[in-house]
Amino acid sequence: MELFSFYNVENLFLPDPKPVHKLDPTKSGLRNWDEKRYKNKLFKISHAFQLMKEENGVLPFIIGLSEVSGRKVLEDLVEMEPFNSEYGIVHYNSMDERKVDVAMLYNKNKVEVIDSETITFFFEITYKNTGNYDTTRDVLFSKIKYKGEIINVFIAHLPSKREKDINKPKRAFILNEVRQRIMKIVDADKEHVILCGDFNENPDDENLVQILYDNDHEKVLMNPFQELFSTRNYSTFHYKSGLLYDQIMMSRSLLDNTTLAFQEARVFNSEKLSSRTRNFEGRPFRTYAGTRYLGGYSDHFPVFVKFKSLS
């Protein structure tokens, strides 16, 4: 059995340097983000994967992450239990205005990274007539080899819903670009594809339904999180609404493959990762609520898919 996981870890930043003046803005944008809180955060993220291992018997062989800032936080993370420096890192700094990126961790004993690159997007800011560009988080692409099989992994963290969803056209544009790349890989190269991320849309939203089909309306990708969402499984919450923004999709070739065959999808909403407050029972135990430090894991639950490893 193998697991493939994705986790939005909610602002994994290095500790802020001490401000010169009390009201100076911090690099992280977080309040009192010091060494102690950073170390606690690293422990919490690594502990989430320890819990996943205890429940399933294995650590994920590939982990997609979002809301990480820089490579150093990833280097610090993989040194800890349960990774024990056996995990490699694929990461590039993006031009995101908040300096948060996506990344991939992989078990070096099982996975060989053949190639990787970022897919970068620039959006012209027309309404201010500035001639400037709006940047967003890159999509990370990695071509990996597992037991002789090629898997193409895309990791995304799409622009958020805010200000009456001004970013919806950007999400549509990014997903269309990714879709075109996926269709080429599936049609021309006949290779496996896994697309994961925080899409800032639910599985039944139009953009995420369209990406599953090619130009002839043939279904090319499957999204097991559609069924989870229909049965009220949520990875994050906004006010009273449960959301399943964190998803893992895959090419249909992984349904009955001899090396990796899809078994099930899960939101890993372990009680230990859940809020300690009765009013927020069943929701993720966050690190911050606004500017108030809670000391939790993340405002998202991790998600994973389980594969039978047949050979």
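Throughout, numbering of the chain's residues begins at 1 and tracks the sequence.
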- Query: Taking all atoms of both residues into account, what is the closest heavy-atom pair of V68 and A103, and its distance?
  - Reply: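 For V68 and A103, the tightest heavy-atom pair comes out as CG2-CB, 4.1 Å.
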- Query: Which atoms form the tightest heavy-atom contact between V9 and L12, and what is the distance?
  - Reply: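 Residues V9 and L12, closest heavy atoms: CG2-CB, 3.9 Å.
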Could you check whether [Y] and [X], counting side-chain N and O atoms only, form a donor-acceptor pair closer than 3.5 Å?
X    : Y    : value
N233 : T231 : yes
Y92  : S116 : yes
R179 : N207 : no
H192 : E149 : yes
D299 : Y288 : no
N40  : Y293 : yes
D138 : S94  : no
Y297 : S270 : no

With a 4.5 Å cut-off on side-chain heavy atoms, are [Y] and [X] touching?
X    : Y    : answer
N107 : L59  : no
P159 : I174 : yes
P224 : F262 : yes
M250 : V305 : yes
D246 : F301 : no
L105 : V78  : yes
V139 : V102 : no
V303 : S5   : no

- For the pair F4 and F61, name the ring-plane relationship: parallel under 30°, tilted 30 to 60°, perpendicular over 60°.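 Because their plane-to-plane angle is over 60°, the rings of F4 and F61 count as perpendicular.
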- Item | F121 and F173 aromatic ring geometry - parallel, tilted or perpendicular at 30°/60° bounds |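 Perpendicular.
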Do [X] and [Y] share a hydrophobic cluster (ILVMFWY, side-chain heavy atoms under 4.5 Å, transitive)?
X    : Y    : value
F285 : F280 : no
I119 : L221 : yes
L208 : Y245 : no
L51  : L65  : yes
L243 : L158 : no

- Candidate pair F43 and H47, rule ring pair (Phe, Tyr, Trp, His ring centres under 6.0 Å), full reasoning: CA-CA 6 Å; F43 170 76; H47 185 236; 5.5 Å; yes
Working to the nearest 0.5 angstrom, can you tell me the gap between [X] [atom1] and [Y] [atom2]?
X    : Y    : atom1 : atom2 : result
L228 : I248 : CG    : CD1   : 10.0 Å
L244 : S230 : CG    : OG    : 10.0 Å
M1   : F307 : CE    : CZ    : 12.0 Å
H157 : D198 : NE2   : CG    : 4.0 Å
H238 : N200 : NE2   : CG    : 10.5 Å
D16  : D34  : CG    : CG    : 9.0 Å

Would the distance check show the side chain of [X] and the main-chain N or O of [Y] forming a donor-acceptor pair, the cut-off being under 3.5 Å?
X    : Y    : answer
N56  : M52  : yes
W33  : F13  : yes
T118 : T120 : no
D216 : E218 : no
E201 : K168 : no
N167 : S160 : yes
R276 : K272 : yes
K41  : E10  : yes

Is [X] atom [atom1] crowded by more than 12 heavy atoms from other residues, nucleotides or ligands, each under 6.0 Å away?
X    : atom1 : value
K184 : NZ    : no
E117 : CD    : yes
R252 : CZ    : no
E54  : CD    : yes
E35  : CD    : yes

- Message: If the test is side-chain contact (heavy atoms from CB on, under 4.5 Å), which one of V153, V111, I144 qualifies with Y106?
- Response: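 Among V153, V111, I144, the one that satisfies the side-chain contact (heavy atoms from CB on, under 4.5 Å) with Y106 is V111.
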- Can you spot which of N152, I150, V220 makes a side-chain contact (heavy atoms from CB on, under 4.5 Å) with V193?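 Only one of N152, I150, V220 forms a side-chain contact (heavy atoms from CB on, under 4.5 Å) with V193, namely N152.
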- Between E112 and K147, is a salt bridge (charged side-chain N to carboxylate O under 4.0 Å, His left out) present by the stated rule, with each step listed? CA-CA 9 Å; E112 178 192 350; K147 291 188 177 178; over 6 Å; no
- Message: Between E2 and K308, does any NZ, NE, NH1 or NH2 come within less than 4.0 Å of an OD or OE carboxylate oxygen?
- Response: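 No.
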- Task: Could you tell me whether E86 and K108 have a side-chain N and a carboxylate O separated by less than 4.0 Å?
- Result: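 No, no charged N to carboxylate O under 4.0 Å.
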- Candidate pair D204 and Q226, rule side chain to side chain donor-acceptor pair (under 3.5 Å), full reasoning: CA-CA 7 Å; D204 62 352; Q226 286 179 326; over 6 Å; no
- Item | Distance flag, aromatic centroids of F141 and F154, threshold under 6.0 Å |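 That pair passes the under 6.0 Å test.
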- Task: For side chain to side chain donor-acceptor pair (under 3.5 Å), just list the numbers for Y7 and S235, CA-CA rounded to whole Å, side-chain angles, deciding distance to a tenth of an Å, and then say yes or no.
- Result: CA-CA 10 Å; Y7 197 8; S235 60; over 6 Å; no
- Determine, step by step, whether F229 and F225 satisfy the ring pair (Phe, Tyr, Trp, His ring centres under 6.0 Å) criterion, reporting the C-alpha distance in whole Å, the side-chain angles of both residues, the deciding distance to 0.1 Å, and the verdict. CA-CA 6 Å; F229 184 60; F225 288 80; over 10 Å; no
- ring pair (Phe, Tyr, Trp, His ring centres under 6.0 Å) evaluation trace for F49 with F83: CA-CA 9 Å; F49 288 103; F83 303 110; 5.8 Å; yes
- Task: With salt bridge (charged side-chain N to carboxylate O under 4.0 Å, His left out) as the test, would you mind laying out the steps for K143 and E191 before giving the verdict?
- Result: CA-CA 10 Å; K143 186 185 283 285; E191 292 173 353; 2.7 Å; yes
- Evaluate side chain to side chain donor-acceptor pair (under 3.5 Å) for K44 paired with S298, printing each intermediate quantity in order. CA-CA 9 Å; K44 288 288 200 299; S298 171; over 6 Å; no
